[in-house]
Student: 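Take this structure first; my questions come after.
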Amino acid sequence: MKILLVGGGGREHAIASAVKRSPQNPLLYTVMSKKNPGIAALSEEILIHDEKDAASIAVFAKENGIDLAFIGPEAPLSAGVSDALWDAGIPAVGPKKNCAKIETDKAWARRFIEKHGIDGNPEYAVFTNYEEAAEFIDKLKDVAVKPAGLTGGKGVKVMGDQLPDIAAAKEYTKEVLKSDSVVIEERFIGEEFTLQAFVDGRNLAFCPTAQDHKRAYEGDVGPNTGGMGAYTNAGALLPFLKPEEYETAKRIMKETIAAFPKETGEEFKGILYGQFILTKRGPKLIEYNARFGDPEAMNVLSLLKTDMVEIMKAVAEGTLDQLGIEFSSKATVCKYAVPAGYPDEPKKDSEVTVLTEGVIADGTTGPDSNLIVYYSSVYEKDGKIYTTGSRAVGVVGLADTITAAEKIAQDALDTKVKGDLFFRRDIGTADLVQKRIDHMNELRSEN
């Protein structure tokens, strides 16, 4: 069995590791823009190439006799890499371009959800004209401002957070409109959580819920990032999430998948990532992604017990309902080590060292280990590893409790990962998790 992976970040290292844990001993071929040393060590062959070059990737896949493909990041999905592979007769885990619009075009996504009567949408409107947008901001008073297109997880700004007042919201709207249309939405108050699922066009197999941390610094302050870390609980539910709230989020995602053939004429096959916020009125939808989250992929795929190759086959063939997908019942905490100055002025081309004694640095052991290290936006040159300016190394601790998993991850960052890097110490700590629980209890009491 030959598997193609497109992408070279931490998410893709986690996918590669899950593939290589398969008892079918698959051969892995990878296309990535820079040489990720963790993925390279797991690959039979790598092609350092533009991950958005759909035609060349399809040729590489055909030449190497690829049986199945997995597309990790959003940019290749937006560029039609999945379409090109299917057209070449190679099934791909990753939606085709028209379906990937659920992530790549936020305006399209909101209209799609509204049109098909799916729950979770905020009051919103899409604008190309500043005066009309400003008038809508005045009407809602408390808003989130989103560029319609892809921004690498860093484009959304929210009042009371990155935007101190209405004037700042209007100014950011004006900035966005210079290059994109803008989506203005009512601001939800609550706790965010991520629910991810494998999707075969009709059936969804859900992963444990996770909570990501976008802000750069401890205490949830500082600029937005691609994600500084995430945690999962032992079992499917985060500590502040109730079973009925979890079921609501699952229902919203199922209804979304069911609507794709009606809207696009195509089935969504791949990964659907629901970014929800739990409010006093239940779960509301912040946005969808058409792929695994980064870092959340490192959390949930570290727990995956089922053969990833069998999951990929089931996604392609529409048979996920016949495959019982299992995850370890452990908790996980993932923390990212990032370059000094990240995200605004990151230090690039700085050496990173991972001390491998006692560390699983190839990620292949999965839930039987208690510590896994994934390489992310780094590159290898002359046997050394260097930063690119984005997130460098993800460390995942696995244990029976979130608190114990956090200690494992933090100890590894303190003793095993060396370089001009920084990280958040508070992700997964008992104090932080308790704040989330207290916040939701307070909001629920307002009903």
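Predicted model, so just to flag it, every value in this text is computed and none were measured.
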Student: Nearest 0.5 Å, please: how far is CG in L195 from OG1 in T248?
Tutor: 11.5 Å
Student: Please determine whether a side-chain nitrogen of the Lys or Arg among K97 and D83 lies less than 4.0 Å from a carboxylate oxygen of the Asp or Glu.
Tutor: no
Student: Should the pair F276 and Y288 be assigned to parallel (<30°), tilted (30 to 60°) or perpendicular (>60°) ring geometry?
Tutor: perpendicular
Student: So L163 and Y172, side chain to side chain contact (heavy atoms under 4.5 Å, CB included) or not? Walk me through it.
Tutor: CA-CA 8 Å; L163 303 172; Y172 183 54; 4.0 Å; yes
Student: For E310 and K313, run salt bridge (charged side-chain N to carboxylate O under 4.0 Å, His left out): C-alpha distance rounded to whole Å, both residues' side-chain angles, the deciding distance at 0.1 Å, then the answer.
Tutor: CA-CA 5 Å; E310 288 303 310; K313 288 180 186 176; 3.2 Å; yes
Student: With side chain to side chain contact (heavy atoms under 4.5 Å, CB included) as the criterion, how do V395 and Y374 come out once you've worked through the C-alpha distance, each side chain's angles and the decisive distance to 0.1 Å?
Tutor: CA-CA 6 Å; V395 173; Y374 295 108; over 6 Å; no
Student: Taking E51's backbone N and O only, do any of them form a donor-acceptor pair with S33's side chain (distance below 3.5 Å, no angle check)?
Tutor: no
Student: Could you tell me whether the side chains of T232 and T332 share a donor-acceptor contact shorter than 3.5 Å?
Tutor: yes
Student: Give me the atom names and distance for the closest heavy-atom approach of A405 to A331.
Tutor: CB-O, 3.9 Å
Student: Thinking salt bridges, do E255 and R251 make one under a 4.0 Å N-O criterion?
Tutor: yes
Student: Is the Lys NZ or Arg CZ of K34 less than 6.0 Å from the centre of Y379's six-membered ring, within 45° of the axis?
Tutor: no
Student: Go through the steps for E296 and T194 under the test side chain to side chain donor-acceptor pair (under 3.5 Å), then give the verdict.
Tutor: CA-CA 8 Å; E296 297 99 321; T194 301; 3.0 Å; yes
Student: Output yes when E247 and K250 qualify as a salt bridge under the 4.0 Å nitrogen-oxygen rule, no when they do not.
Tutor: yes
Student: Mark yes or no for whether K269, through its side chain, and V315, through its backbone, hold a donor-acceptor pair below 3.5 Å.
Tutor: yes
Student: Can you find a pair of side-chain heavy atoms, one from E351 and one from I385, that are under 4.5 Å apart?
Tutor: no
Student: Between atom CG of L285 and atom CG of N121, what is the distance when rounded to the nearest 0.5 Å?
Tutor: 7.0 Å
Student: The test is side chain to side chain contact (heavy atoms under 4.5 Å, CB included); show your working for I402 and N233 and say whether it passes.
Tutor: CA-CA 6 Å; I402 297 170; N233 201 9; 3.6 Å; yes
Student: Got I311 and T306 here, is their nearest side-chain heavy-atom distance under 4.5 Å?
Tutor: yes
Student: Check H13 against Y375 and note the closest heavy-atom contact, atom names and distance.
Tutor: ND1-N, 2.9 Å
Student: Between R424 and A216, is there a donor-acceptor pair closer than 3.5 Å when you use the side chain of the first and the backbone of the second?
Tutor: no
Student: Taking only Lys NZ, Arg NE, NH1 and NH2, and the carboxylate oxygens of Asp or Glu, determine whether D200 and R202 approach each other closer than 4.0 Å.
Tutor: no
Student: Can you check whether I57 reaches L4 side chain to side chain, under 4.5 Å on heavy atoms?
Tutor: yes
Student: Who are the side-chain hydrogen bond (donor to acceptor under 3.5 Å, both in side chains) partners of E171, not counting sequence neighbours?
Tutor: none
Student: Answer yes if the ring centres of Y342 and Y336 are under 6.0 angstrom apart, and no otherwise.
Tutor: no
Student: Verify, without hydrogens or angle tests, whether E186 (side chain) and P122 (backbone) share a donor-acceptor contact under 3.5 angstrom.
Tutor: no
Student: Under 3.5 Å, which donor-acceptor pairs link side chains of residues 126-135 to any protein atom two or more places apart or in another chain?
Tutor:
from	atom 1	to	atom 2	distance (Å)
N129	OD1	E131	N	3.0
N129	OD1	E132	N	2.9

Student: Starting from the C-alpha separation in whole Å, work towards a yes-or-no answer on side chain to side chain donor-acceptor pair (under 3.5 Å) for N289 and E74.
Tutor: CA-CA 8 Å; N289 291 330; E74 61 274 24; over 6 Å; no
Student: Any side-chain heavy atom of L272 within less than 4.5 Å of one from I257?
Tutor: yes
Student: Please step through ring-ring contact (aromatic ring centres under 6.0 Å, His included) for the pair F136 and Y124, ending with a clear verdict.
Tutor: CA-CA 9 Å; F136 192 65; Y124 80 98; 8.3 Å; no
Student: Does G190 offer a backbone N or O that forms a donor-acceptor pair with the side chain of T279 under 3.5 Å?
Tutor: no
Student: Is E245 salt-bridged to K242, going by a charged N under 4.0 Å from an acidic O?
Tutor: no
Student: Should D50 and K52 count as an ion pair when the cut-off is N to O under 4.0 Å?
Tutor: yes
Student: Which heavy atom in I408 sits nearest to a heavy atom in G397, and how many Å separate them?
Tutor: CG2-CA, 3.9 Å
Student: For atom NZ of K347, decide whether the heavy atoms of other residues, nucleotides or ligands shown that lie under 6.0 angstrom number more than 12.
Tutor: no
Student: Which is it for K254 and D119 under the salt bridge (charged side-chain N to carboxylate O under 4.0 Å, His left out) test, yes or no, and what are the steps along the way?
Tutor: CA-CA 11 Å; K254 288 176 182 177; D119 287 341; over 6 Å; no
Student: Sub-3.5 Å donor-acceptor pair from the side chain of R187 to the main-chain atoms of M159, do we have one?
Tutor: yes
Student: When you measure from the side chain of T225 to the backbone of P343, do you find a donor-acceptor pair of N or O atoms at a distance under 3.5 Å?
Tutor: no
Student: Can a donor-acceptor pair be found, under 3.5 Å and without considering hydrogens, that links the side chain of S376 to the backbone of A392?
Tutor: no
Student: If you look at every heavy atom in L85 and A61, which pair is closest and at what distance?
Tutor: CD2-CB, 3.8 Å
Student: Are the side chains of F268 and P261 in contact, using a 4.5 Å heavy-atom criterion?
Tutor: no
Student: Mark yes or no for whether T388, through its side chain, and S377, through its backbone, hold a donor-acceptor pair below 3.5 Å.
Tutor: yes
Student: Charged N to carboxylate O below 4.0 Å: is that the case for R110 and E185?
Tutor: yes
Student: For F60 together with H49, are the ring centres under 6.0 Å from each other?
Tutor: no
Student: Ignoring hydrogens and angles, tell me if any N or O in the side chain of K20 forms a donor-acceptor pair with the backbone of P26 under 3.5 Å.
Tutor: yes
Student: Nearest 0.5 Å please: distance from the NE2 atom of H213 over to the SG atom of C334.
Tutor: 11.0 Å
Student: Please determine if D307 and R21 form a salt bridge, counting it only when a charged side-chain N lies under 4.0 Å from a carboxylate O.
Tutor: no
Student: Distance from I189 atom CD1 to I277 atom CD1, nearest 0.5 Å?
Tutor: 7.0 Å
Student: Using a strict 4.0 Å threshold on nitrogen-to-oxygen distance, state whether D294 and K214 make a salt bridge.
Tutor: no
Student: Indicate the atoms forming the closest heavy-atom contact of N98 with T264, along with that distance.
Tutor: O-CG2, 4.0 Å
Student: Can you list the steps and then say if I137 with T173 is a side chain to side chain contact (heavy atoms under 4.5 Å, CB included)?
Tutor: CA-CA 10 Å; I137 291 171; T173 297; 3.5 Å; yes
Student: For atom CD of E244, decide whether the heavy atoms of other residues, nucleotides or ligands shown that lie under 6.0 angstrom number more than 12.
Tutor: yes
Student: Is there side-chain contact between Y29 and K2, with heavy atoms separated by less than 4.5 Å?
Tutor: yes
Student: Does K335 pair with E406 as a salt bridge, N-O distance under 4.0 Å?
Tutor: yes
Student: Would F292 and F198 count as a ring-ring contact (aromatic ring centres under 6.0 Å, His included) if you check the C-alpha gap in whole Å, the side-chain angles of each, and the deciding distance to 0.1 Å?
Tutor: CA-CA 9 Å; F292 274 123; F198 295 98; 5.6 Å; yes
Student: Does a side chain donor of either E191 or Q211 reach within less than 3.5 Å of an acceptor in the other side chain?
Tutor: yes
